[in-house]
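Data block below; observations after.
What you see is a predicted model, and the numbers here were worked out from it, not measured in a lab. Here is how names work: the chains are called A, B, and so on, in the same order as the sequence lines, proteins then strands, and each is numbered from 1.
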There are 2 protein chains.
Amino acid sequence: MNDTKLIDIASALGISVTTVSKALKGYTDISKATRARVIEMADKMNYMPNSVAVNLRTNETKTIGVIIPTTVHHFFSIVLNGILEEAEKRGYLVIILQSNEKYELEKKQLALLLQKRVDGILISLSNETDDFSHINEAIRKKTPVVLFDKIAKRVDCSKVIINDAKAAFDAVSYLINKGFKKIAHFRGSYIPQNSIDRFLGYKRALEAHGIEYDSKLVYVCDNNTDFEDGYENAQKLMTEHPDVDAIFAITDLVAIGAIKYFNEAGIRTPEQVAVFGFSNWFMSTVISPKLTTIDQPGYEMGHKAVSILIDEIVDTKELRPVKHQIIELPTRIIERESTVR
Amino acid sequence: MNDTKLIDIASALGISVTTVSKALKGYTDISKATRARVIEMADKMNYMPNSVAVNLRTNETKTIGVIIPTTVHHFFSIVLNGILEEAEKRGYLVIILQSNEKYELEKKQLALLLQKRVDGILISLSNETDDFSHINEAIRKKTPVVLFDKIAKRVDCSKVIINDAKAAFDAVSYLINKGFKKIAHFRGSYIPQNSIDRFLGYKRALEAHGIEYDSKLVYVCDNNTDFEDGYENAQKLMTEHPDVDAIFAITDLVAIGAIKYFNEAGIRTPEQVAVFGFSNWFMSTVISPKLTTIDQPGYEMGHKAVSILIDEIVDTKELRPVKHQIIELPTRIIERESTVR
DNA sequence: GAAAACACCTAAAACGTTTTCGAAAATTAT
DNA sequence: ATAATTTTCGAAAACGTTTTAGGTGTTTTC
């Protein structure tokens, strides 16, 4: 292994390690002449600093950790894309871990990242997570944490989110304004904040427009990776409430599952039942009818989360006070065929 | 920052750092009594080894690097899932980087990983990559590399792949045996090995069944992230060769693009034109007609790639000879509606 | 009772950097 | 010429571990 180190350059040049290090880092107390010699030799010997040693000495790893529920999810892969691009731009590497929607695993992954001494951590909470002590513990240890998408209101740190309640409110209001009267909601499971908020937005929109909320029209879809939930609940819905005329689904995936069922069952969309999704998954333009949905800016979310995190990392490092931010990214309705009669 | 270190435990107990370290690592020359005291105190003080220091001392980081063309791709997100699960099981963290299908970026990312001193690297090549010196350089530096999915035959390292040529051959043979006579191919760009191999499989299948190969029936789809390519080429195909009766597409995405066009243009699938995809993207069961395709085992690929990589890492470390392996994962035809009349 | 064996512990070096502090050499000022 | 200053360099400590090589005291062996 011909890994060249500072000392190799130093002895090749007959100077000290200190001088080599300083020359390479542009210290001003090294003459231009020797600096040039050092740089040339470093180049010739193919020098590459050992980051582990640097990390130990400088007490930073230039690495951030990311915990997401799962990689196999279109939205998260887009967020991840945003994360990676911004992290690279700012000179950080990213270690990624998935919680598989399990609280225990999330906790374990977080511990791994802390042990690895990452400079900061990005988390999107698992569906199971309703205890946040592990996160508070990380914050207490002065490792900046920013939560994104699936957050906990009660944790005191920066967050990057969309206004789920408002987006849902807008979606359902749109349906009501379009003349739909009996609107079902396919909600997510009970713990995640965005699942709760979207449900709340749905409920408030009904009430705001003088439509009575009926809990029987709410179905739970807690399987994240498959559209079966949407398919099956659509089936159930149509037997229990055949006169329903629209569905607001928590996710494009369940919306598409519902549409799939309607297509197979000969139920016309949007003529008999309109369907409104959430996320603007790009698959939603492939399905027929194309899906009306809420555009959720995943790339920007990842981008912004990293940006805030790194700002906090450098502020912490330089002992400046960190001010936590709650960034709310804008969403908008993408009207397509599934709600237009 | 109340980070407890070995020396804190040592002084709390009035013993040496050496003893603490050894006790924690289970050395046998420490008495059971002091070991117990050390463990208890470490526990009480919430000791967590500083991996950076450990890494420096042991000269390994327990981290592997992964370079993929893009995270926003269903197949790669599944592979990534397999990678993460296996890496975790074996006690490694993973740093992920994307090349955005650019050779220069891939080269840069690889350098970053080497500098970070990862123990091994997993790469799926970018579409542009036709020079492999950066990879050979990594191997020369004794950092194990394993290539997966998008590989280079000429690089001397382990690889995890499917037999693209055979899978394509099987797919096209299937179409021929079903009675389709004029089969077009929507191929990928010219550089990637799997794009080449699928094309070759297509061509050989035609020839093996006495059908003359016609280069005019081959269309290039080199946009990886959108189905527009499939859509537009389907359109072109039908004006240039209205009598074509089947398409073998390099990817489910382009297959779905084609189906989308056919659906919109009122061309019946599979009655007028059958469509055969590749990858078994789960969206292929949502589209109508459901897509016949080749199942490509992404999870297993990621899993196996990590497994081989870590084996090579420990073999290298223990100065054992490493034998490179070429693992060929099995594929199979998933017959659905788009090819069944 | 002396030699040998054993059990238990620790000092110190090492991993490859960065950075502080000071020293020597060169330059400028007087 | 000497003094003051500036320029240029390097010794050494430090980051937190792991591990080698040995040291001390106790027990076993004959």
>> Determine whether a donor-acceptor pair (one donor, one acceptor, N or O, separation below 3.5 Å) exists between the side chain of B:Asp29 and the base of C:dC9.
In response: yes

>> Let me spell it out: for each of B:Arg35 and A:Pro49, pick the nucleotide of DNA chain C with the closest heavy atom. Which residue's pick is nearer the 5' end?
In response: B:Arg35

>> At 4.0 Å (heavy atoms only), tell me whether A:Ile7 reaches a base, stays on the sugar-phosphate, or touches nothing.
In response: nothing

>> Would you say B:Tyr27 places a side-chain N or O within less than 4.0 Å of OP1 or OP2 belonging to C:dT10?
In response: no

> Going by modelled atom types, is there a donor-acceptor pair between the base of D:dT8 and the side chain of A:Lys22 at under 3.5 Å?
Replying inline: no

> Hey, does B:Ser51 reach any base, or is it just sugar-phosphate, or nothing, if we go heavy atoms under 4.0 Å?
Replying inline: nothing

> Toward the 5' end of DNA chain C, which comes first, B:Thr28 or B:Thr58, by nearest nucleotide?
Replying inline: B:Thr28

>> Tell me the interatomic distance from B:Lys25, atom NZ, to D:dT18, atom P, rounded to whole angstroms.
In response: 5 Å

>> Please determine whether any donor N or O and acceptor N or O are separated by less than 3.5 Å between the side chain of B:Thr18 and the base of C:dA12.
In response: yes

> What's the NZ-C1' distance between A:Lys62 and C:dT17, to the nearest Å?
Replying inline: 16 Å

>> Is B:Ser31 close enough to C:dC9 that one of its side-chain N or O atoms is under 4.0 Å from OP1 or OP2 there?
In response: yes

> For the side chain of A:Lys5, counting heavy atoms from C-beta on, which of C:dC9, C:dG16, D:dC9 is nearest?
Replying inline: C:dG16

>> I want to verify a distance call: between C:dT17, C:dC9, D:dG16, whose nearest atom is closest to the B:Leu56 side chain?
In response: D:dG16

